[in-house]
Amino acid sequence: MMPITRRQALQLGMLGGLGVVVGGVGLSQTGLPWLAPSTSSAGAGGESLVEPEVVRSRDGVLRVELVATRRETTIAGQRARVLTYNGTVPGQTWRVQPGDRIEVRLRNELDTPTNLHTHGLAVSPRDNGDNPFVSIDPGQVFDYRFDLPEDHPPGVSWYHPHRHGTVADQLFGGLYGALIVEGDRVPVSRERVLVVSDISLTGDGQIVPVAAPEVMMGREGNLVLVNGQHRPQLSARPGQRERWRVINACTSRYLRLALPGQHLELLGIDTGRELTPREVQEVLLAPGNRADLLVSMRAGSSELRTLGYDRGGMGMMGGGGLSGPGTLATLAVTGAEAAAPGPVPDRLAVPDLREKSVAGRREIAFTMTMGSMMGPGRGMMDPGFDGRAFDADRIDQRVSVGGVEEWLITNPTPMDHPFHLHVWPMQLVETGGQPVREVTRRDVVNVPARGRVRVLVDFARHPGRSVYHCHILDHEDAGMMASVEVG
Ligand code: C2O
Ligand code: CU
Ligand code: CU
């Protein structure tokens with residue numbers, strides 16, 4: 001059923017009928033000189049795409065010093081004080097191999113507590129591993145160590161903060177970076193990393209703080225960025241094939257990627273892989289999802305767009321205008337025809353969890369229950385799972401290590417929620433009441449408003465305690481998270 005469902009196609013028609021919805025981008029595209037970015041290519045549709053600096057593992061180890069700090073930098077042609085890893089938005093791109101070890105010394109120079117999560121890695125959640133219960137106070141340092149199994153699947157992952165209560169603010173402010181696990185080569189003329197995020201800035205370059213009502217739907221920034229740039233420009237030659245690793249690092253915004261006029265093929269989503277590249281017209285990325293794409297270049301100009309996605313709403317609060325359509329980047333394909341790239345080699349099959357027996361079944365519901373009418377900010381809806389808000393001292397699911405479980409995730413609320421489970425691989429087996437035939441591994445699965453999905457979860461390895469949560473990060477911080485103990 002991924003990446004497009006009939007329902008989404010219908011919504012596309014609806015959106016078309018409504019005409020242009022707030023896209024959140026475009027101020028500097030108005031042609032007004034005082035709004036244009038002060039770059040050499042102002043007026044030409046933006047600056048050329050810059051990719052984050054790459055750091056690679058050597059001899060099986062990637063060692064990184066990571067400083068989370070507020071810095072002045074340029075965002076969309078404007079000086080802005082944002083949150084950075086080592087001074088840049090996004091942070092560096094980490095490239096590793098299966099079996100590698102990643103060692104990170106994280107220094108917190110922010111004024112709020114933080115920590116680090118390696119989203120997409122199947123590694124131990126214990127101690128100094130991918131442990132979401134760690135809290136690093138301002139001024140403190142913490143040493144992480146992530147050991148990737150030898151058979152870790154290749155794919156597009158990413159890293160970002162995960163300290164409950166500060167996650168949405170810190171991602172919105174600029175803290176995220178790409179983490180690529182290599183191991184499935186495809187002949188291409190180049191690879192690109194495209195980290196898509198959104199942010200809102202005040203006229204004097206400060207991050208706009210979230211307003212209480214925005215938390216209910218999840219905030220969306222009015223600037224959509226690719227690698228920290230507003231509508232950057234890409235160029236290529238006809239006949240070239242490129243591999244694009246796209247990360248939806250937005251706090252709450254859904255992306256429906258399309259590249260009209262170009263030949264787009266899907267290699268995989270998250271760390272799931274298509275057996276053969278599949279031609280697609282569009283790819284839906286909920287917050288947290290990643291896409292691994294092949295683009296075969298055709299002469300002409302194209303736009304990398306998000307087509308707009310209706311993620312529901314809460315009655316009067318609505319969702320109208322959220323995750324609306326917009327242009328992310330422009331692509332100019334000119335010059336002499338390049339030589340044809342080599343064929344795409346056969347890809348490693350991902351094991352099908354349906355071949356295993358099911359050791360347990362559970363049902364988990366996204367809930368937004370009426371909060372208490374007392375106290376500040378109350379009387380709104382309290383996001384949680386199964387009617388409860390997150391409590392770090394409570395274990396919500398106890399699972400025995402070694403088995404495969406079937407989880408039914410239901411969403412009785414009027415808006416979509418992206419379900420994300422750390423560490424343990426999920427295979428989507430049912431959505432919209434229909435079985436999913438292909439082996440579809442995901443770590444973020446969108447659960448549509450008033451809908452449900454069924455997944456199989458592989459608890460074969462990595463005992464310890466971790467979390468599942470909504471990847472609309474305002475929801476997560478407000479309590480839409482719960483813990484799993486595997487032992
Ligand atoms: Cu990308 Cu628990 O998050
Ligand atoms: Cu994660
Ligand atoms: Cu949610």
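All ligand and atom numbering here is 1-based and tracks the order in the structure.
Nearest N, O or S atom of His475 to the Cu ion (ligand 3): atom ND1. Taking the N/O/S atoms of His417 in turn, the shortest distance to the Cu ion (ligand 3) belongs to ND1.
Checking His162 against the Cu ion (ligand 2), every N/O/S atom stays at or beyond the 2.8 Å cut-off. Here His117 does not reach atom 1 (Cu) of ligand 1: none of its N/O/S atoms is less than 2.8 Å from the metal. Here Cys470 reaches the Cu ion (ligand 3): one of its N/O/S atoms is less than 2.8 Å from the metal. For the Cu ion (ligand 2), the set of nearby N, O or S atoms under 2.8 Å includes one belonging to His117.
Centred on atom 1 (Cu) of ligand 1, the NE2 atom of His471 and the ND1 atom of His119 lie at an angle of 100°, reported to 10°.
Residues Glu220 and Arg311 are paired through a salt bridge, judged by an N-O separation under 4.0 Å between the basic side chain and the carboxylate. Salt-bridge annotation for Arg441 and Asp458: absent, with no side-chain N of the basic residue lying under 4.0 Å from a carboxylate O of the acidic one. Using a cutoff of 4.0 Å between basic side-chain nitrogens and carboxylate oxygens, Arg454 and Glu406 are scored as salt-bridged.
Partner of Asp130 under the side chain to side chain donor-acceptor pair (under 3.5 Å) criterion, chosen from His117, His119, Arg145: His117.
Ring to ring, His422 and His162 are close: their centroids are under 6.0 angstrom apart.
In summary, the side chains of Arg163 and Ser135 do present a donor paired with an acceptor at a separation below 3.5 Å, with no hydrogens or angles considered.
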